[in-house]
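Encoded as structure tokens, the structure appears first; notes follow it.
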2 protein chains.
Amino acid sequence: MPIDFHKRNKGKIEIKSKVSIDNNDDLSLAYTPGVAKVSQEIFKDKSKVYELTSKSNMIAIVTDGSAVLGLGDIGPEAALPVMEGKSALFKQFGGVDAIPIVLDTKDSDEIINIVKKISPGFGGINLEDISAPRCFEIEKRLKQELDILVFHDDQHGSAIAVLAALINALKIVGKKFSSIKVVINGAGAAGIATANILIEQGVTNLFLVDSKGVTCTPRIDLNEYKMAVANKVNMDFCGDLSDAVKDADVFIGVSIGNLLSKEMVKSMAKDAIVIAMANPLPEIMPNDAYEAGAAIVATGRSDFSNQVNNSLVFPGLFRGALDVGAKKITREMILAAAHALAAHVKNPSKDKIIPGMFDKGVADTVADAVKDAVIE
Amino acid sequence: MPIDFHKRNKGKIEIKSKVSIDNNDDLSLAYTPGVAKVSQEIFKDKSKVYELTSKSNMIAIVTDGSAVLGLGDIGPEAALPVMEGKSALFKQFGGVDAIPIVLDTKDSDEIINIVKKISPGFGGINLEDISAPRCFEIEKRLKQELDILVFHDDQHGSAIAVLAALINALKIVGKKFSSIKVVINGAGAAGIATANILIEQGVTNLFLVDSKGVTCTPRIDLNEYKMAVANKVNMDFCGDLSDAVKDADVFIGVSIGNLLSKEMVKSMAKDAIVIAMANPLPEIMPNDAYEAGAAIVATGRSDFSNQVNNSLVFPGLFRGALDVGAKKITREMILAAAHALAAHVKNPSKDKIIPGMFDKGVADTVADAVKDAVIE
């Protein structure tokens with residue numbers, strides 16, 4: 001069924017002209033000789049490229065296909081359907097024009113160089129599905145070296161969506177960020193960014209778990225990004241996932257399916273919140289989590305309530321940032337997006353801790369919050 | 001007026017989704033979880049990327065902005081309006097999706113590497129407005145190293161359009177390729193490609209002229225591409241343009257405006273053909289050329305009859321090549337396109353030696369000829 005869906009139109013995106021070229025007059029405006037004046041105008045003042053070309057609304061979705069969905073390193077060609085889907089969502093929900101650029105290289109320096117060299121035509125770069133820890137360095141350097149928007153969606157899109165869900169979930173169970181114990185399973189792009197955004201929100205009791213157990217300072221195999229998180233929280237506790245989840249108030253899964261057992265959920269604190277985002281198979285199925293005593297369960301899937309998905313974030317975030325001509329995505333914009341997304345749910349309940357993708361005005365809410373954050 | 005035209009919609013192109021995503025069912029087909037199956041299918045068999053993504057109809061228009069229109073080296077940002085115009089024409093006339101990739105580098109090796117690394121998402125590469133002689137090396141290596149269509153429009157698009165115009169013009173004046181004297185003024189991408197296509201058609205009496213005069217073998221300042229042409233024709237004649245045009249049957253200008261004087265046209269052979277393609281100001285204005293005795297005059301402009309413009313070529317050429325899944329643009333396809341374009345004019349006359357951009361079916365004619373050339 002998805003195969004037929006993709007075969008029908010040979011993929012999901014196309015280029016459309018915003019102007020009609022029906023006669024020589026149109027042609028002489030859109031192309032030669034008229035376009036020469038437009039090019040000269042930009043040559044004299046490069047900033048005019050924003051008003052005279054599509055750059056101001058055009059972004060590149062850049063991936064090397066090294067960490068795609070739950071599929072892993074499948075390469076640039078196989079990543080393309082995901083990037084085209086993302087492009088379709090960018091346009092439909094945010095009115096943002098986004099073209100997939102799938103790269104046949106996994107060398108970080110080369111990726112950085114290519115993105116820099118293709119950047120003149122784009123108003124922003126959405127990094128996507130690049131494996132950790134390379135993604136951190138790539139994003140950091142591109143943010144430093146480019147004067148257009150750079151955003152790694154797997155990190156910040158996920159972190160924003162989780163924070164939004166958690167703001168509402170904690171309200172429902174009457175707990176505070178400063179007093180909860182959080183376990184994040186998965187220490188890739190999403191896990192590390194989520195850990196950092198929660199620490200910024202006041203969480204101090206946090207365990208980041210990778211495939212070898214809790215990322216604690218005694219471990220000598222941690223990359224600098226995991227170590228930085230370990231240095232901020234629970235520095236020397238080195239157990240495994242089942243040790244970590246004992247008495248935890250919140251479990252956040254950004255790992256792979258079926259890792260969280262019912263026994264583990266039973267060992268969590270009262271009114272436990274489980275956000276199991278592995279896709280398509282969550283770390284625990286919602287029914288199992290509820291049976292084991294969880295108070296609120298969310299997943300990344302559209303067929304259960306509480307879908308925590310970065311699709312709620314990226315269209316509105318870029319829409320707002322592009323509209324005000326922002327050149328950076330700042331922490332203020334990221335936090336504003338999360339809080340606005342949470343507030344979009346008027347009456348949060350256990351089955352509605354985050355807006356649905358098709359709730360009215362979600363992207364506008366995020367876009368407006370981002371714009372306000374820039375203006376402040 | 002062109003400025004307002006470009007400001008109105010902020011540029012000329014946008015991305016459009018070919019599928020509608022209006023509910024969770026659509027979402028689960030176009031994006032997660034359904035898209036995972038599609039990615040896995042391509043991971044197993046890379047060739048499926050042609051039927052399951054937009055690659056089969058998506059090309060990149062790649063430039064470094066080093067030789068744009070008559071404007072020269074204006075850089076990637078200022079080149080963008082031209083590339084967007086090209087994209088609009090690709091779609092309108094050929095139904096081809098073309099995205100501008102404007103590069104912030106003029107290093108040939110780097111351009112080649114970047115194009116190779118971004119190629120997995122594209123079915124073809126249209127190189128554009130890259131200065132000679134770098135463009136020859138870049139095209140040659142990309143054709144060798146990529147398994148998708150590579151076409152440098154400034155070379156071959158121009159050469160095809162000139163050849164088409166000349167086929168009809170020679171019919172009208174009753175002359176043959178094998179017996180005419182041709183002067184090409186301008187030895188950049190278009191000039192060299194035009195020289196080569198005319199030599200293939202049987203022209204032996206040909207003078208290629210650059211800013212220092214006729215490119216003749218005694219000159220020690222010629223690049224290998226100019227030298228190769230000189231070695232095929234008129235090897236040791238070293239005069240200037242006015243020497244070269246004496247008794248010439250055909251003048252082809254792909255240089256800069258106002259270089260061909262009425263005196264020079266007067267010195268040409270009887271029934272002289274003048275194709276003055278510099279844009280926006282031709283090498284000689286049509287009225288002046290006719291007053292000086294030319295029999296047939298063509299320019300690159302839409303406001304005179306006989307517009308010799310590569311826009312007549314590239315939409316149909318790529319349409320045909322993409323439709324049959326060709327992986328190379330061959331000489332056979334190029335020659336077929338030129339002859340089909342000429343034949344599209346049913347009754348050639350001095351004011352109609354080449355189809356107009358808005359004549360019915362021009363791109364289809366070219367596309368069909370290209371498809372036939374592939375199939376043969």
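Computed over heavy atoms, backbone and side chain alike; hydrogens, waters and symmetry mates excluded. A, B, ... follow the sequence lines: proteins, then strands. Residue 1 opens every chain.
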Under 3.5 Å, is there a donor-acceptor pair between the side chain of K12(A) and the main chain of V19(B)? no
Is the backbone N or O of I15(A) less than 3.5 Å from a side-chain atom of K91(B), with the two atoms forming a donor-acceptor pair by type? yes
Heavy-atom side-chain contact between E84(A) and T53(B) under 4.5 Å: yes
I'd like to verify something: which residue of T32(A), D4(A), N309(A), V62(A) has the highest number of heavy-atom pairs under 4.5 Å with chain B? T32(A)
Is there a side-chain contact between K117(A) and I111(B), using heavy atoms and a 4.5 Å cut-off? no
Atom NZ in K116(B), atom CD1 in I114(A): separation rounded to 0.5 Å? 11.0 Å
Counting only non-hydrogen atoms closer than 4.5 Å, does D303(B) touch chain A with its backbone (N, CA, C, O), its side chain (CB onward), both, or neither? neither
Okay, M1(B) and chain A: the region with an atom under 4.5 Å from a heavy atom over there is both
Test item: side-chain donor near acceptor, E14(A) and S54(B), under 3.5 Å: no
Below 4.5 Å from any heavy atom of chain A, which atoms of V49(B) appear? Answer side chain, backbone, both or neither. side chain
Restricting to side chain to side chain contact (heavy atoms under 4.5 Å, CB included), what partner residues turn up for A321(B), sequence neighbours left out? L149(B), A326(B), I329(B), M333(B), V370(B)
Rounded to the nearest 0.5 angstrom, the CD1-CZ distance for I99(B) and F122(A) is 5.5 Å
Just by modelled atom types, is the A78(B) backbone N or O under 3.5 Å from a matching donor or acceptor in the S39(A) side chain? yes
All heavy atoms of L52(B) vs all of H6(A), minimum pair found to be O-CB, 3.7 Å
Taking heavy atoms only and a threshold strictly under 4.5 Å, list by residue number the residues of residues 356-363 of chain A that touch chain B; give 'none' if the list is empty. M357(A), F358(A)
Sequence neighbours excluded, which residues qualify as ring pair (Phe, Tyr, Trp, His ring centres under 6.0 Å) partners of Y31(A)? none
Are side-chain heavy atoms of K16(A) and I13(B) found at a separation under 4.5 Å? no
Picking from P81(B), S302(B), G121(B), which has the most non-hydrogen pairs under 4.5 angstrom with chain A? P81(B)
Flag the pair K10(B) and E51(A) as a salt bridge only when some basic side-chain nitrogen lies within less than 4.0 angstrom of an acidic carboxylate oxygen. no
To the nearest 0.5 Å, what is the distance between CG on N57(A) and CG on N9(B)? 11.5 Å
Quick one: CD1 on I42(B) to CD on E77(A), what's the gap to the nearest 0.5 Å? 8.5 Å
Contacting moiety of L69(B), where chain A heavy atoms sit under 4.5 Å: side chain
Can you tell me which portion of A98(B) sits under 4.5 Å from chain A's heavy atoms? Options are side chain, backbone, both or neither. backbone
Could I get the full list of ring pair (Phe, Tyr, Trp, His ring centres under 6.0 Å) partners for F318(B), not counting sequence neighbours? F90(B), F151(B)
Interchain contact, I101(B) with chain A, by part (heavy-atom threshold 4.5 Å): side chain
Taking C-beta and beyond as the side chain, do Q92(A) and D22(B) meet within less than 4.5 Å on heavy atoms? yes
